[in-house]
Amino acid sequence: MKITGNDIIFGKISRRLASAFRRGDLPPRLIESIFAAWLGRARHLWQLPRILLGAGFLAALTCPCLFSASPVMADRVYAPEYLWQRKIAEKTDPVGIADTHLGIAYRDDGTLDAEGRFTTFAHPEVLFETPGLNCSGLVVSVSRFLFDKNWSLQEVSRDRRGDSGPGSSLGRDWDFGWDLIRNLTETVPRRVVLPDRRDYDPDQIDGLSLRGFSLLDQAAWQNVLGQMRPGYVYLGSISKDSRRPGYKVLHYHVVLMIPDPKGSVWLYHATHRSNVHRIDMNSRQGLRRFMSQFSGGRDEPKQMIVIEAKLPQLEPATETAGEPDPATTTGASRGSAQPLSAPGQPAADTAAAGPVPGSGGALQGGEQSGPVSPVSPKAPQQAAAPSLVITHLWGKVFAARPELNTQVPRFADDSREQVKFWFRNFGDQPRDLELLMKGPEGESHFQGRLQPDGRDTAVLYPRDFGPKRPRSLTSGKYVADARIDGQRWVADAFEIGLPREAAPKITAIAVPTTVKAGSTFAVKVEAENQGAESDYGGITVSCPDPGLRIKAANPGKVFAPGSTVLSVTTDRVRTKVPMAERWIELWGEGVKNDITVTIQAGKPGTYPIYVRSTLRGVNVKSSVVLMDPATSDKVDQQGFPVHVRLITVQ
């Protein structure tokens, strides 16, 4: 029988033993004993960590000195195949452990059960083959591996004060997040971390009268971050006043923070828009980005309370966890793309020696007396042709059927011409299955049987949906309603179409056509993100000829000649003439931003102004930006295509 990632179990001993084995620290006789006794049981090399778990018992007996710093055996922790493929079994560094979860898709109420299966808190009997976590599910999964403790979902969601169950006067699960982080830390040394640095007992805080500090208070954040240290993990519960009937306060979001020895504090959480991702809270841009994710209306202040928990003593990782590529959502871009590092970050293969647009670095260098020689225009790389994607809109379970499993709809194969519905019947009796599909071309119907004893059934749409089925799969919204023995069981709503991408667009350039020599005038540029929300983007204005000289930008920043910036090919270049730029963190869908640039006119003549806008791609790696214009006959001093406006100085 083939063993999957769900069968892989490992605890502290197996990770430490694997690490010692890679370094060559195991005695030869011990290696011989392990392989003689256990290697014969492995049919595939990737089963070795499972074998090493058994070997851990032998090693603990024959060489206990290897593990003297930690308990001999921790809980068995089950890893889903997704984490197994990310080499979670080899990770001992806390940041490395948490990084294996990056990129997991957001699923409402999504979590992992104690057997490493993707499910939900509310319906643990419903299992999913594809990965999906919400914020609580992420914190639970990472904590299991950090503490080597395999909590059940009932244990982590325990109502500690008995005040948030059904019929609660404060609302059901009103303090779920606060209960969760206390349940995860109750067996280890812990303390509450707040700006006032007082000694609070977590069990005496009800989550109502004391909820922590304002999420948008930068001074409070600096105080709290200054208390964080490597060797500890920090779990946070975010709460807000609620207008929901029957609720006063909701602890609705949780995060996990891990300091590293280099001074970063990595915050991990899962959101609808960005899935599982991490942010360096000890960087100005990271803190600003996190705060922007929670900047709601003035009538909805948000607060966070943080618990510090001591991590078990783990052997240091043999490999330093590097900065991973941010998770990508399936799809391709609308428009052209070129590599460019994020503001203030070095390019992929080089380290930035000075400030880049939006970095807020110091300005330096001298003046340029003559015009800038234009760079030869080059056509930007085109993004890969987009493929259809399935976007899951919602799902609902109408009746619990523990003997049946299903998963969210997905494409049957790489051709993306059929949608696959999968079912498994663990019962001892066959069950009647009906699937009603409502889509852009009307309704179609499937009827069949789920055979018993753990057998699988796959239904393909439109192939298996009778004579009224569509001839081919078309873009649009669908609802699939599954019934068992005539009774509603589950429903899934999803949309099929091309992936949504960020789309920068210069929507207005207000510029005079003639000005007088020596005068100052304003140029206002407005840009809109006409696609999906992007992590960051900018509006840039430059004047390639010294006949026009940029003096100020509002909002934004002027980069003086000699500033170090990144070119369109990520090479470091120094500006030859001033450039003005406004850099925007978290540029939302349909949001317009503008910049007003003050320019001084020089001697008479006709001079160009260059204008452009960029956005980080949503469905591509972080080193790729999308541009407006996508191409042009002229490029600016960084090599980007530009819109050109001419001004005559009289």
Side-chain angles (χ1 to χ4, degrees), residues 105-108 118 126-132 328-335 382-399 401 404-425 430-451 455-503 530-532 589 617-620:
Y106 184 90
R107 176 176 291 136
D108 285 334
F118 287 101
V126 178
L127 304 180
F128 299 91
E129 185 173 307
T130 54
T328 59
T329 305
T330 304
S333 63
R334 287 172 51 190
Q382 295 297 318
S387 300
L388 291 176
V389 296
I390 294 179
T391 302
H392 298 281
L393 304 177
W394 54 264
K396 188 171 183 179
V397 179
F398 297 98
R401 297 186 180 275
L404 301 179
N405 280 354
T406 187
Q407 63 186 26
V408 294
R410 63 180 185 180
F411 289 116
D413 52 41
D414 290 341
S415 70
R416 306 192 175 214
E417 296 175 350
Q418 307 280 341
V419 175
K420 179 181 177 181
F421 298 89
W422 174 91
F423 306 92
R424 180 175 292 167
N425 181 6
R431 310 298 292 270
D432 290 332
L433 169 68
E434 295 177 80
L435 272 176
L436 176 64
M437 179 73 81
K438 298 179 181 179
E441 298 188 15
E443 297 184 2
S444 53
H445 183 262
F446 167 85
Q447 190 166 359
R449 304 204 85 190
L450 302 181
Q451 297 303 319
R455 281 180 278 183
D456 294 351
T457 299
V459 181
L460 300 189
Y461 176 85
R463 187 195 69 181
D464 300 331
F465 278 71
K468 294 184 179 181
R469 69 181 185 272
R471 292 183 179 181
S472 61
L473 195 62
T474 58
S475 297
K477 294 183 178 180
Y478 294 81
V479 175
D481 196 334
R483 298 172 182 262
I484 298 296
D485 297 334
Q487 302 296 316
R488 294 189 80 182
W489 176 31
V490 296
D492 284 287
F494 57 94
E495 184 173 5
I496 296 176
L498 296 176
R500 298 191 67 254
E501 183 54 274
Q530 297 183 345
E589 176 182 351
V618 176
N619 298 312
V620 289

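- Residue E441 holds its CD atom at 4.0 Å from OG1 of T474, rounded to the nearest 0.5 Å.
- When the options V459, T457, N405 are evaluated for a side-chain contact (heavy atoms from CB on, under 4.5 Å) with W422, the one that passes is N405.
- A distance of 5.0 Å separates NZ of K420 from CZ of R410, quoted to the nearest 0.5 Å.
- Side-chain contact between H392 and P409: present, with at least one pair of heavy atoms (C-beta onward) separated by less than 4.5 Å.
- For the pair F421/M437, a side-chain contact is recorded, criterion being any heavy-atom separation below 4.5 Å from C-beta on.
- Interatomic distance, NZ of K396 versus CZ of R488, reported as 7.5 Å (0.5 Å rounding).
- By the 4.5 Å heavy-atom criterion applied to side chains, D481 and E434 are not counted as neighbours.
- For P462 against P470, the heavy-atom pair with the smallest separation is CB-O, 3.5 Å.
- Counting heavy atoms from C-beta on, the side chains of E417 and L473 never come closer than 4.5 Å.
- No donor-acceptor pair closer than 3.5 Å links the side chain of R469 to the backbone N or O of F446.
- Residues L388 and F411 share a closest heavy-atom pair of O-CE1, 3.6 Å.
- Note that the CG atom of D485 and the CZ atom of R401 stand 6.0 Å from one another [nearest 0.5 Å].
- The two residues Q451 and N425 come nearest to each other via the heavy atoms O-CB, 3.2 Å.
- Between E129 and R424 the shortest side-chain heavy-atom distance does not fall below 4.5 Å.
- No side-chain heavy atom of T130 sits under 4.5 Å from any side-chain heavy atom of F118.
- In terms of heavy-atom proximity, R463 sits nearest to Q418 at N-OE1, 3.1 Å.
- Aromatic ring orientation, Y478 versus F494: parallel (interplanar angle below 30°, classes split at 30° and 60°).
- Once rounded to the nearest 0.5 Å, the distance linking CG of D464 with CG of L435 reads 10.0 Å.
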Working note: W394 + D108, criterion side-chain contact (heavy atoms from CB on, under 4.5 Å); need CA distance, chi angles, decisive distance, verdict.
CA-CA 8 Å; W394 54 264; D108 285 334; over 6 Å; no

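- Residues L404 and F423 are not in side-chain contact: their nearest non-hydrogen atoms beyond the backbone lie 4.5 Å or more apart.
- Across every non-hydrogen atom of D432 and R449, the tightest pair is OD1-NE, 3.0 Å.
- The shortest heavy-atom contact between A482 and L433 is CB-CD1, 4.5 Å.
- D414 CG: 12 or fewer foreign heavy atoms inside a 6.0 Å radius.
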